[in-house]
Every structure is written in C-alpha cells, then in structure tokens.
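Working notes for the structure below.
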Amino acid sequence: MNVINFVSSFFGESAHWHGYDGIPTRLWEHVQYSLEALVLAAAIGLPIGLLTGHYGRGGNVLSLVATAGRALPTFGLLVVTTIALGFGMLPVMVPLIVLAVPPILVTTYEAMRSVDPPPVDAARGMGMSESGIMLRVELPAALPLILGGLRSAAIQIVSTATIAAYVSLGGLGRYIVDGLYQHDYEKVVGGATLVAGMALATLGLFWALGRAAVSPGVRRSN
Amino acid sequence: MRGLDSPRNGPKLGWSRVGGISQTRRVFGVLIRIDSVTKRYPDGTVAVDRLSLDIPDRSITVLVGPSGCGKTTTLRMINRMVEPSEGTILIDGVDSRQQSVNTLRRGMGYVIQNAGLFQHRTVVDNIATVPRMLGWSKDKARARARELMERVGLDASFAKRYPYQLSGGQQQRVGVARALAADPPVLLMDEPFSAVDPVVRKGLQDELLRLQAELGKTIVFVTHDIDEAVKLGTMVAVLRTGGRLAQFAPPAELLSDPADAFVEDFLGADRGIRRLSFFSSGGLDLLTAPVVAVDATAEQIACRAASDVPYLLVTGLDGRPLGWSEPGALTAGRVDVGQLLPYGRPFVAGKDSLRAALDCAVLSPTGWAVAVDAEGRAAGVVSQTAIGEAIRGAHAHASAHAASVDPKAATR
Ligand SMILES: Nc1ncnc2c1ncn2[C@@H]1O[C@H](COP(=O)(O)OP(=O)(O)OP(=O)(O)O)[C@@H](O)[C@H]1O
Ligand SMILES: [Mg+2]
C-alpha cells in the first residue's frame, strides 16, 4: 500500500461523499472555522498594525507580543482553553487566533513602516487628515505586503484548524483524528490531502485577491 | 493688492529680467510675513535663527543657501509641517496658527523634490486629490485635473497612466499640477527640479515662469542652485549656515551688490557675467553694412568690403544668416556656402540679454556676434568691443538708477 493508493481509494469511496461525515460537510465546516478565525485575527491584527505602523510607535512592544504569541504551543493552548472554557467553538478559536494574529500584526506594522516617505509627506503637506493618510496613502502602498501577512496567517489557520476535531468538533481534522484512532490510514491520508488542497486553494484565493485589490500602479512599480 | 502693504519692506524692482515675465516695475504687497522666527529642533539644532522675511504677493521668492542652512525648515514652517519655536508667521496678515493646520495646508500647494506622487493612483487621480478632499464630485475633480495637465504641458494621453510609467520630469509636472489643483494662492516648492537633468530642468523652469505669469501665484521656492534662484526669483533670500538671513534682494541687485563676502562667495566667480542677463541687448548698435545677400552683385560686394569690417556676413535669400566670409574671398554669383565660416548661435536683438550677445561674440570665430529678428532674419552684426562698451554703459546706468530709487530697496 502506498500513499497514492490510500488517496485514490479514499476519494473513490462514494460513501465518503455523503452525510454528516462526508467530504462536503467536513470541508464546509473546515472553511467556516478557518474563515471565522481569520476574520477575528484580522480584526485584531490589522487595526493595531495599521495604527502602530502609521504612528511608528509601539514597534518593540509589538514584536515582543508577537514572539510570545508564536512561542505558545497551539495544541497546549487548546488543552488549556478547553479545560477552562469547556467544549465548544471558543476554546478552538482562541489558539487559532493566537496563532494568526502575530503574522498579521507584524507584517502590517512592517509594511506600513516601509511605505515610501515622500508621498506621505506630500499628502500631509496638502492637508490630508492623519486617517486619510493612513487609509488612502499608506494602506494602498502597503497592501501587497499586508496581504502576504494575511496569506501566511490563513494558511497556518487552515492547516491548524484540524485541532478542532480533538475537542469533538468537525472539520477535516475529523478524518485525521478518527483515522488515527481507528487505524484507518486511508482516512488519515485522505484528510491530510484535503487539508493540503485547501491550503493550495487559499494561496490561489489570495493571489486573486491581490490582483483585484492592489492597484496596478503599486503592483508593477514593485 | 492684498495683504499688508509695508513701505519699509515692499520690494521694488529696479529693473526686470530681459525676456522675462514683466518689463514693468511693480510694487508688491506682502502675503506671507515671517517675523523673527526661530526653529530649535528637540536635539538642540538651531535650524533657523530669528529670521524675518516679507514674502511678496504674486511673485516668486527663492530661498537659497548652502546645504543645511535651514531652507526646508523655513518652507515647512510656512505650512506648519514644522512648528516655529519662536516668532510668528502671518499669512495675509493673520497668524497662521489661527486656523487648523489642514485648512491652512489646503490653501497652499506643496511640491517636493521627487514629486512624491501616489503610486497607486493614476495621473488624473493624483492631480484630483485636493479637490476631492475639498468635497468636489469625482467628475468635476477629474475635469479640473485634465485642465491642469494641459496647463503644465502634459499630454492628455498621460491621464490614465500610473506614476511609474512617467519620466522624472513628467512626474514633476504632475506634482506641480497636483499642487495647483484647488487653485491655492500660495505654492511652496522644495527643490522641485533638482532631481532631473539640466535640459528637463530648464524646461520646467521656463514652464514655472510661464505659469506664474499666467496664474499670479505667490510662490516660495527652495533651491541650493544660485543659477536657478537668479533665473526664477523675483526676490531672492540668501541664507547662511545656522539659519540666518544673509541678504534679501531682487536677483539683479544680489549680483551687483552682494551684502558681504559670504554672499559674494556663494554667487560664484562669474557673477559679473550672470548679471548681464539682466541687461537688454536692445541698446546695442547693430551694423548692417557688413551684411550681404548671397545673390549680391560684384558692385554691392565691393562697396561693402570698403567698410572697415574684417568679415562680411552672408545671408540667404530669406534673410537668414549663412556664414562669415573674408571680403576678398567673395565672388559675385559664385558664393560657395560650404566655404563660409560658421556664424555660431545668433542672439535675438532686443529680446535676448547682453549676456546672450556677449556669448555669441565670444563663440563666433570672427569675434563678431550676429543679431537676428524674431523670424530669424539677420538684423545686423556687433563686435565684442561694442558689446563691452554697452556693458559699461548699462552698469553705469544701473548704479545711477539704483541710487535714485531707494538705496536700501528690499534689503534688510
Ligand atoms: N527633524 C530634525 N531634527 C533635528 N535637526 C534637524 C531636523 N531637520 C533638520 N534638522 C537640521 O536643521 C538644519 C537645517 O535643515 P534643513 O533641512 O532646513 O536644511 P536645508 O537648507 O533644507 O538643507 P538641504 O539643502 O540639504 O536640503 C540642518 O542642520 C539639519 O541637520
Ligand atoms: Mg532641504
């Protein structure tokens, strides 16, 4: 038996395509967890990154927090939050967010700091408000890097959201956890393949997002 | 005339640049008054030291001086990008701190060295920035932007381009258009042309003079290039290191009467030659006797050769100069144009300055300068000696004139 065989027989089995444990259901659950975690992480990381980057303050504190966040073992955090908060969505979201905020925060900060100063000076000189400068001058210029940060956060979330299965939730992690428990390696490999596929799809999505959201003037001048 | 009219400081222009924007003497009002302003940066650097300047209305005031003398700091104090440590700046008689910074800045165009265009916006949208900020509709702002593109000499086909698709000179034009978009009375420019090559720079300078003549803005222009200062300035403020004013005068006066050794040094070794650009070539006595048409008869040639000029200028049938020839070498009906000595670059009589005339004479292989009219037809020739006499005459006239006007005109 090799991995290719596992994969083809996992996806060839029609039973895997239906019901509450079917691929569409698990995939959709996985997408939901990932999206929710990414949106929450972005809601925390982006504004803080934009503001600290714009005003150029708090960079040291920021990298400290980010390093601490990265050092926390995700799985350990899951255990702790589950013990503290019981089973449910929240204990899963916390470790995913802790995982995703640092890359978003740090790249957003760095991206804003690295914006070419003359246009910002010109904008200020023509009487643009600070929020206008931040959102309409710096953000569009920093967008490619910021999207890069969001992309790595998204990919980490997609691959780590499998942990939801450890605390009885769904998602693609279900196949991996159950497969390991049942010694059903076909299931394990199938689940892992789906996760990898979803990570690739995320890459594609961000590429498309970059095409759509980044101004051609910024994209091509870099 | 708006603003404060100050008899003490109202700069009077004794004479104006030949071929420049105005031939009349004008007396300006004061739009921006910098009143004993000092800037001390937090690290203790005194960038500007008790500077007082009255910046006249509807004219170009140039701040010039060596690197680090506080030009940028002074300029940025006007739109409060830098807050003065001491002293006040009055705009149109009102303390600049009385309105919000953003209102103040929206009334002043701001142009910086590399234009500082927004890379993510097209040319029209860059130019439309301030009108949009002021709440104009997108269509109106863009229409205005297109109008300005034409004004600054940018082809309409550039409208949809992004800044990276423009040359440095074109970007700078967009920068100027963007600063002019909301029609502010004041334009602040910090070394706007220093990053482009000399040919493009000259074009941009001419364009600025033309714009200024058309729009009558009050422009404060920072440069470290004294030639640029002399070319553009209605008034020139020379700053010395430490942010102190060395001299504030019209360029011609700066060149004729530098206040001290520092200013004289800063003006460079050829200030006498440069000063000639302020004297018209109109007073030169042009000789027409040595000018002979290419189809001249033997008699005409003989008669011209009799005049005591060592060379004859041969002109074409259209009156344009072709070249110099020794009188003896000319044979009627068989003038070999290829054998003529080159006549160099002619000057336009009356329009060009004595500097241009002298330059022509110096470059001419015969030592004689060729004058042409506006259509390029030969108007006569003039020798180096005659130009030298005209220069001495102009100097004498200028100093008599200056003494009779106001001995301390505009110098503080
Ligand atoms: N933010 C700042 N903090 C401390 N010192 C400063 C600051 N900005 C400028 N300076 C100092 O103030 C002095 C004047 O600077 P400024 O930029 O006004 O000079 P400048 O005449 O424009 O020079 P340049 O021709 O090189 O542009 C310099 O000595 C400079 O080092
Ligand atoms: Mg400067």
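By convention in this document, chain letters (A, B, ...) are assigned in the order of the sequence lines, proteins followed by strands, and residues within each chain are numbered from 1.
Summarising the geometry of B:Tyr164 relative to A:Gly217, their closest heavy-atom pair is CD2-O, 3.7 Å, with the distance given to 0.1 Å. B:Gly116 and A:Ala122 get closest at one heavy-atom pair: O-CB, 3.7 Å. Contact record, B:Phe118 with A:Pro119: CE2-O, 3.3 Å, taken as the closest heavy-atom pair.
Heavy atoms closer than 4.5 Å to chain A are found in the side chain of B:Arg76, but not in its backbone. With a 4.5 angstrom heavy-atom cutoff, B:Met133 touches chain A only via side-chain atoms. Only the side chain of B:Thr129 has a heavy atom closer than 4.5 Å to any heavy atom of chain A. If you measure heavy-atom distances from B:Arg178 to chain A, the contacts under 4.5 Å come from the side chain alone.
Rounding to the nearest 0.5 angstrom, the gap separating the CE atom in A:Met128 from the CZ atom in B:Arg106 is 8.5 Å. Atom-to-atom distance recorded for B:Arg105:CZ and A:Arg124:CZ is 7.5 Å, nearest 0.5 angstrom. The line from NE2 of B:His120 to CD of A:Glu138 is 10.5 Å long, rounded to the nearest 0.5 Å.
Of the listed residues A:Pro118, A:Gly132, A:Pro117, the one with more heavy-atom pairs under 4.5 angstrom with chain B than any other is A:Pro118. Ranked by heavy-atom pairs under 4.5 Å with chain A, the first of B:Asn126, B:Val130, B:Asn79, B:Ile112 is B:Ile112.
Shown here is A:Arg57, whose CZ atom has no more than 12 heavy atoms of other residues, nucleotides or ligands within 6.0 Å. Other residues, nucleotides and ligands contribute over 12 non-hydrogen atoms within 6.0 Å of the CD atom of B:Glu83. More than 12 heavy atoms of other residues, nucleotides or ligands lie within 6.0 Å of CG in B:Asp197, so this atom counts as buried by the packing criterion. Around atom NZ of B:Lys160, more than 12 heavy atoms belonging to other residues, nucleotides or ligands sit under 6.0 Å away.
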